There are 2 protein chains.
Amino acid sequence: MNRISDATITRLSRYYRSLVHLETQGQEMVSSKELAKRHKVTPAQVRKDLSCFGQFGTRGLGYSVCQLKETIAHILGLHRIWKVALVGAGSLGSALISYKEFKRQGFHIVAVFDNDPHKVGKKRRGLTISDITKLPKIVKELDINLAVVAVPTTAAQSVVDILVKAGLKMILNFAPETLKTPPGVTIRNVNMAIELEALSYRLVASEMSRLDGKPKLSSI
Amino acid sequence: MNRISDATITRLSRYYRSLVHLETQGQEMVSSKELAKRHKVTPAQVRKDLSCFGQFGTRGLGYSVCQLKETIAHILGLHRIWKVALVGAGSLGSALISYKEFKRQGFHIVAVFDNDPHKVGKKRRGLTISDITKLPKIVKELDINLAVVAVPTTAAQSVVDILVKAGLKMILNFAPETLKTPPGVTIRNVNMAIELEALSYRLVASEMSRLDGKPKLSSI
DNA sequence: ATCTGGTTGTGAAAGAGTTCACAAGCCCGA
DNA sequence: TCGGGCTTGTGAACTCTTTCACAACCAGAT
Ligand SMILES: NC(=O)c1ccc[n+]([C@@H]2O[C@H](COP(=O)([O-])OP(=O)(O)OC[C@H]3O[C@@H](n4cnc5c(N)ncnc54)[C@H](O)[C@@H]3O)[C@@H](O)[C@H]2O)c1
Ligand SMILES: NC(=O)c1ccc[n+]([C@@H]2O[C@H](COP(=O)([O-])OP(=O)(O)OC[C@H]3O[C@@H](n4cnc5c(N)ncnc54)[C@H](O)[C@@H]3O)[C@@H](O)[C@H]2O)c1
C-alpha cells in the first residue's frame, strides 16, 4: 500500500456524502457501479480507491452502506473532533463561522483571530474575536489542530508564518495566492477565482469552437 | 495542440496572479525558474504549460512580465466581462456579493436569486434579489454567461436543473455534492468540506506515522 | 449440487501528466 | 566575430492515475 493520492482522498470524501445520503434513504447495500454513477467515475475507480485501504465489499452483493460509511469516516478522521482556528473575521470568515456543516463533520471552530482593533473583543456566534498576537498562546492552550486563513491576500503569507511558528501543521487557505510553507506543513487552497477562471477559459474555448464548427466541450 | 488539461489552466491562473504582482513591483522580465519557484512546480512545467498556447519567451532572457500577463489574460478570457447570476442570498451568497475581487477579474454579478419570500425584493449591495422563478427570463434579458450556486445542498440539484433549462452552460457550485448535468454543461465545485477532510486525513496519517516512527508527510 | 446473474479485488495495459535533457537562441563583453 | 553564461521550447523518458479484464466469490433458484 503506497502513498495514497490526493485524488483518491477527495473521492472518498464524495463517496462518504453519498453513503450518508443513502443511509438516510434506508438503503442497505450499494455497488461500486451505483456509487460510480453518482460521481461520474468508473466502477473500477471506486473499487481501486477503496482497495487502497482494505477489502470492504462482498462479491456479488456490493458494499454495506452503513459499514462503508463508517470505514471511510474512520479513514478520513471524521470520527474525531478537530479544533480549528479561524484567522480573519471579515465577510468570508463570518460566513464560515455560521456554517454548521463544518461542526457536523467534526471541525469545531474554537477560536477566531483578527488584527482589526474594532473587531477584537467583539463576538461572532458566541466566539470572542481574539487579537492575532494572542494566537500562539491560544493555539497551545486549546490544543488546536488546524487553521483556516480568511484574511486579505496581502496579509495571508504573514498569517501563515505566524501559524507555522505556532506549531500548526495543517492550514486551509482562502486567499488566492500560493503561500510558502516549510516542509512538514500541509496547506490546501480553496480558490474560487481559479475555478471561475477555468470556467471562463472554457467559455472562450467553446465560443471559438462554435465559430469553427467544432464539437463542444463535455462537462467536467 | 491537444486538449489542454485542467491542471494546466489552473496553473495559468496562478501564474497570472504572480505576473500581476511582479508587474506592480516594476519587474520587466521573469524566467520559468522564478515563476516555478513561486508556485512549487518545476521550470519545465511552467514552460510546458505556456508552450501549449505558443511561444512567448526569449531564450536567455525569459518572459516579458507584462506581455505574458496579457497573453494569459487573453487565454483565460479575463479581458472580457462575464455576466454572472448568483443563486442563494444566504450567508455565503452575501459574502460573494461583497467580494470585490470577482469584479476586478471581470466576473460581474448582475442578478441574484432566492426562493425565500422574505429575501425576494430586498437589496444586497445595490442588487435586488429576484425570485428564482424569474431566472430564465432574466438570464435571457441580461444575456448572462455563468451561474454561481450557493443554496443548501438539498436544493442544489433542482437549482442546477433550472439553470440548465435556462440555457446556462457554465456553473460554479458551492454545495458539497456531485450534481448531475447533461453533456455540454460544465460544472465546477468549490468544496471546502473536501479540502478540510483531506487535511483531516493527513492529520490522522501523520499521527499514525508518528506512532510508527515513520517519516512525516511533506507539504502539499 | 449445480447453475446463473451479479459483484468484488486486483494485476496488467493504457492513458495522462510531469520531468529530463539538450539543441537552439539571446545578450554581453572581449 | 567569437565564446560564455543563461534561458526557452520540446521530443523522449519517466511516473502517476485510470481503465480493462478476469478469476474469485456470493446468493438464490432449480
Ligand atoms: N468574501 C468572499 O466572498 C471571498 C470569496 C473568495 C475568496 N475570498 C478571500 O478570502 C479572504 C478574505 O476575504 P473577505 O472578503 O472576508 O475579506 P474582508 O476584508 O472582509 O476580511 C478580512 C479580515 O481579515 C482581517 N485581517 C487583515 N489582516 C489581518 C492580519 N494580518 N491578521 C489577522 N487578521 C487580519 C481584517 O481585519 C478583516 O476582518 C481574502 O483573501 C479573499 O480573497 C473571499
Ligand atoms: N456558509 C458558508 O460558509 C459555507 C461554506 C462552504 C459551503 N457552503 C455551502 O454553500 C451553500 C450555501 O450556504 P449558506 O451558508 O449560504 O446557506 P444559507 O442557508 O445561509 O443560504 C442559502 C440560501 O439559499 C436560498 N435557497 C434555498 N433553496 C433555494 C432554492 N430552491 N432556490 C433559490 N434559493 C434557495 C435560501 O433562501 C437561502 O437564502 C450550501 O450548500 C453550503 O453547504 C457554505
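Remember, predicted model here, so these are calculated numbers, not experimental data. Each chain gets a letter, A, B and so on, in the order its sequence line appears, and its residues count up from 1.
- For C:dT19, the OP1/OP2 oxygens have a side-chain nitrogen or oxygen of B:Thr42 closer than 4.0 Å.
- Take A:His21 and apply the ring-ring contact (aromatic ring centres under 6.0 Å, His included) test, not counting sequence neighbours, and it matches no residue.
- Mapping A:Thr58 and A:Ser5 onto DNA chain D by nearest heavy atom places A:Ser5 closer to the 5' end of the strand.
- In this model, the phosphate group of C:dC26 is not approached by any side-chain N or O of B:Tyr63 to a distance below 4.0 Å at OP1 or OP2.
- Side-chain nitrogen and oxygen atoms of A:Gln55 include at least one within less than 4.0 Å of the OP1 or OP2 phosphate oxygen of C:dT10.
- B:Asn145 contributes a side-chain N or O that, together with a main-chain N or O of B:Lys83, makes up a donor-acceptor pair within less than 3.5 Å.
- At whole-Å resolution of the value, CD1 in B:Ile9 and P in C:dG17 are 12 Å apart.
- Atom CD1 of B:Ile4 is separated from atom C1' of C:dG17 by 13 Å (rounded to the nearest Å).
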Polar-atom pairs under 3.5 Å, protein N or O versus N or O of nucleotides 1-6 of chain C: list them with distances, or write none.
unit_1 : atom_1 : unit_2  : atom_2 : d
C:dG6  : N2     : A:Gly60 : N      : 3.3

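- Counting non-hydrogen atoms of other residues, nucleotides and ligands closer than 6.0 Å to CD of A:Glu101 gives a total above 12.
- Between A:Asp6 atom CG and D:dT17 atom P there is a gap of 9 Å when expressed in whole angstrom units.
- The CG atom of B:Asp49 sits 11 Å away from the P atom of C:dG17 (whole-angstrom rounding).
- The distance between atom CZ of A:Arg3 and atom P of D:dT15, rounded to the nearest whole Å, is 17 Å.
- The residue A:Ser32 sits close only to the backbone: its heavy atoms come under 4.0 Å of sugar-phosphate atoms, none of a base.
- C:dG25 atom C1' lies 13 Å from atom CE of B:Met29, rounded to whole Å.
- Under 4.0 angstrom from either OP1 or OP2 of C:dG17 there lies no side-chain N or O belonging to B:Arg11.
- Remark: the backbone N or O of A:Lys180 is paired with a side-chain donor or acceptor of A:Gln157 at under 3.5 angstrom.
- The distance from atom NZ of B:Lys33 to atom C1' of D:dC6 is 9 Å, rounded to the nearest whole Å.
- Only one option out of B:Arg17, B:Arg11, B:Arg14, B:Arg80 pairs with A:Glu197 in a salt bridge (charged side-chain N to carboxylate O under 4.0 Å, His left out); it is B:Arg17.
- The side chain of A:Ser31 sits closest to C:dT7 out of C:dT18, C:dG9, C:dT7.
- For A:Arg47, taking side-chain heavy atoms from C-beta onward, the closest of the listed nucleotides D:dT18, D:dA21, D:dT19 is D:dA21.
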| salt bridge (Lys or Arg N to Asp or Glu O under 4.0 Å) between A:Arg38 and B:Glu177, worked out | CA-CA 10 Å; A:Arg38 289 177 169 268; B:Glu177 189 134 315; over 6 Å; no
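- Panel note: side chain B:Ser94, backbone B:Gly90; a donor-acceptor pair is recorded below 3.5 Å.
- Side-chain atoms of A:Lys48 stay outside donor-acceptor range of the base of D:dT17, with no qualifying N/O pair under 3.5 Å.
- Atom CD of A:Gln45 is separated from atom C1' of D:dT17 by 7 Å (rounded to the nearest Å).
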